[in-house]
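In what follows, every chain begins at residue 1, and chains take the letters A, B, ... in the order their sequences are listed. What you see below is based on every heavy atom in this structure, not just the backbone, and it leaves out hydrogens, waters and symmetry mates.
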There are 2 protein chains.
Amino acid sequence: MTPKKPRSEKSIVDIAKALGISPATVSRALNNSSRISEATRRRVKEMAKEMGYRHNSMASSLRNRRSNIIGLIVPRISMYFHVFFITALQRRLQIAGYNLMICQSNDSVSVERELANSLYSARVDALVVSLTLYTEDVSHFDGFLAQGIPLVFYDRVPTMPTPAFIVKGDDYRGGMLAGNHLLVAGCRRIAYVSGPLSCSIYQERTRGFVDALATRSVSLPEHWVCHHELTAENARRSLRLLFGGNEKPDGLFAANDTTAIAAVEFAREHGIRVPEELKIIGYSNDPRTSIITPSITSIEQFPSEMADKVADTLISALKHSPDAPGTIAGRPVICPVDLVRRTTT
Amino acid sequence: MTPKKPRSEKSIVDIAKALGISPATVSRALNNSSRISEATRRRVKEMAKEMGYRHNSMASSLRNRRSNIIGLIVPRISMYFHVFFITALQRRLQIAGYNLMICQSNDSVSVERELANSLYSARVDALVVSLTLYTEDVSHFDGFLAQGIPLVFYDRVPTMPTPAFIVKGDDYRGGMLAGNHLLVAGCRRIAYVSGPLSCSIYQERTRGFVDALATRSVSLPEHWVCHHELTAENARRSLRLLFGGNEKPDGLFAANDTTAIAAVEFAREHGIRVPEELKIIGYSNDPRTSIITPSITSIEQFPSEMADKVADTLISALKHSPDAPGTIAGRPVICPVDLVRRTTT
DNA sequence: TTGTAAGCGTTATCAG
DNA sequence: CTGATAACGCTTACAA
């Protein structure tokens, strides 16, 4: 249960011995220090290669107090938005010389808490987090702030003020765009399926959407509003409810695309014509929305651009000496969104 | 460019001093060693909490020569198959006390090589790899084998014999299932769009497919076969070629679902009726195949089950002392596949 | 330009 | 049950 490896790996001490010089010199040579002669640098590098030396970043990290690892906690990598975000972020960080340690909370607060601890133990140089649907208390990240370790929340961010960095989509605007679009398209009996309000993005999408309807004095009846985890199964259940009464909605805002897709399928099964009888708009511009028939109008969030913002934030925070705990705050970065019109509206 | 953190973190030495005991005792207490009194264990843990002590796994890893980190190199996390694989693998490894370090090669051999080096430097306890489309030489992984670090290839595995562990889908059978299915459905003019043959999975799918056609003496004309990276754009280009001649295919095997989807859209645009005039079968059972109209027949690969196999392999390899380099081989594990019939056939 | 020596934080060993 | 010590591999003042 505690297996160890045999000591067959070569260290800089071995190289030093083989060459009859000091380990310090070897270290300097391998790190391309300026204070070393070209000749020894070459000698060392050759010998290193010959002996099969491999840099040990654990030792180096311990000594340097920096791991070159950045932690990422994401609710689920199966979400289109996060996949694109991660890919873009990883590319940027790789270039900057960092490795990304990607973890999934699976929307479980307790897993998120464990991951935070584990990544702290690993002494990541920075942490990037998109919260679970239910995270309200973010105190499990306090240790990072206390130590001045850059902490960036993106997308699903804390609903309470925090001294951490924040990069988020303009969910208020997204909700408002969706609402206006349905109104302009002529909808007056509008239903809304949203995620739980414990989560920042759904709070804001809801606010924006409600405000949009209010400007035209369209009401959003309580029995036409659902808040729950936005899975396909939940969507089907809610749709049955929403369309079970006498009066049917003529417009639906689904706060994610999985739900919008379920709605299109539901309409198909129940002979509801889309967009004639029912207009549907989703959120995130998941590639699936353009594959399904009819294709679904959605809100684009530009995940790669968001990743660029996060990368910029990280890199500048990491460059500036992170010595002074508490000084890492900043005003939230709000990223634009856009409506992509397709055939469901 | 080389920022260091101030030494404000507490170590076990600080705890030891505060308690007037030795660091060794503190370490034992925190690790729940059996050779320690209940009383001191409690005292230590209380003090640790009070002082805000946090375990430093870098130091611990260096001392123990094990990081509890497992490296993963995957071509792209945007592929459905890998997303599900990763999710399942991560859950299993988390339970076993390991963290996953997920990296993307983006199908670039040179990136793959760099990642291998970087993960070696990080002294991962094991490495899991699905190769790029073009990796033929796998010598950049030799270091792991030489040091007896468990190395598992899955899905896209080396085409040459290797002493590493191998877990792969039954791509030969998958190709054969696809071929037989098209034949049984009555297709005789069959086209095939495949990935590059440098990649194991396409080699085998092709072999299986060709063998299936051969049993019924159906030929696969060379101008109806394409090998290239299976993107939507490439697919569109190939489809234009395949359907540009006088004789049109009545069956198409697309070696991934992105291509199959492109084919369905192509058929729609060109007024080719599916499945009446053209039958289409994809590969991987991407969720998109069941959303599109008509829904696409595909080959299921059971990524989660594959991840379980990989996890089993890893955990047993890590438990058995990995002292003896060269003894970690094993016969390839072949995972079943299944045909999922939908409306395109 | 190179060497010496100390130390990053933890833990295994050995002795008490 | 507890303590002293050394070591994991690397880096960096400081000294030569």
Rounded to the nearest Å, what distance is computed from the CZ atom of residue B:R43 to the C1' atom of nucleotide D:dT2? 12 Å
Whole angstrom is fine here: how far is it from CG in B:D14 over to P in C:dG7? 14 Å
Parallel, tilted or perpendicular: which one describes the rings of B:F85 and B:Y154, with boundaries at 30° and 60°? parallel
Please give, in whole Å, the distance from D:dT2 P to B:E38 CD? 11 Å
Any side-chain N or O of B:N64 less than 4.0 Å from the OP1 or OP2 oxygen of C:dA12? yes
Residues touching DNA chain D, which here means a heavy atom under 4.0 Å, drawn from residues 16-32 of chain A: A:A24, A:S27, A:R28, A:N31
Could you tell me whether the phosphate oxygens of C:dG9, OP1 or OP2, come under 4.0 Å of any side-chain nitrogen or oxygen in B:S60? no
Would you kindly compare A:S57 and B:R35 by the position of their nearest DNA chain D nucleotide and give the one closer to the 5′ end? B:R35
Under 4.0 Å: is that the gap between some side-chain N or O of A:S37 and OP1 or OP2 of C:dT2? yes
Within the 3.5 Å criterion, strictly below it, is a donor on A:S118 or A:S121 matched to an acceptor on the partner's side chain? no
Ring centers of A:F153, A:F141 separated by less than 6.0 Å: yes
Roughly, in whole Å, what's the span from CD1 in B:I12 to P in D:dT2? 15 Å
What contact category does B:S121 fall into here, base, sugar-phosphate, or nothing, at under 4.0 angstrom with non-hydrogen atoms? nothing
For A:L133 versus A:S198, what's the shortest heavy-atom pair and its separation? O-OG, 2.7 Å
Rounded to the nearest angstrom, tell me the gap between atom CE in B:M58 and atom C1' in C:dT11. 16 Å
Just to be sure I understand the rule, does A:L62 reach a base, reach only the sugar-phosphate, or reach nothing, if contact means heavy atoms closer than 4.0 Å? base
Could you tell me how far apart B:R63 (CZ) and D:dT5 (C1') are, to the nearest whole angstrom? 11 Å
State plainly whether the residues B:E46 and B:R43 are in salt-bridge range, i.e. N to O under 4.0 Å. no
Students often get this wrong, so: under 4.0 angstrom with heavy atoms, is B:T40 touching a base, only sugar-phosphate, or nothing? sugar-phosphate
Looking at B:D308 and B:R92, does any basic side-chain N land under 4.0 Å from a carboxylate oxygen? yes
Starting at atom CD1 of A:I36, determine the distance to atom P of D:dT12, rounded to an integer number of angstrom. 13 Å
Is there a donor in the side chain of A:T135 and an acceptor in the side chain of A:E112, or the other way round, less than 3.5 Å apart? yes
Atom CD of A:Q147 to atom P of C:dG9: distance rounded to whole Å? 11 Å
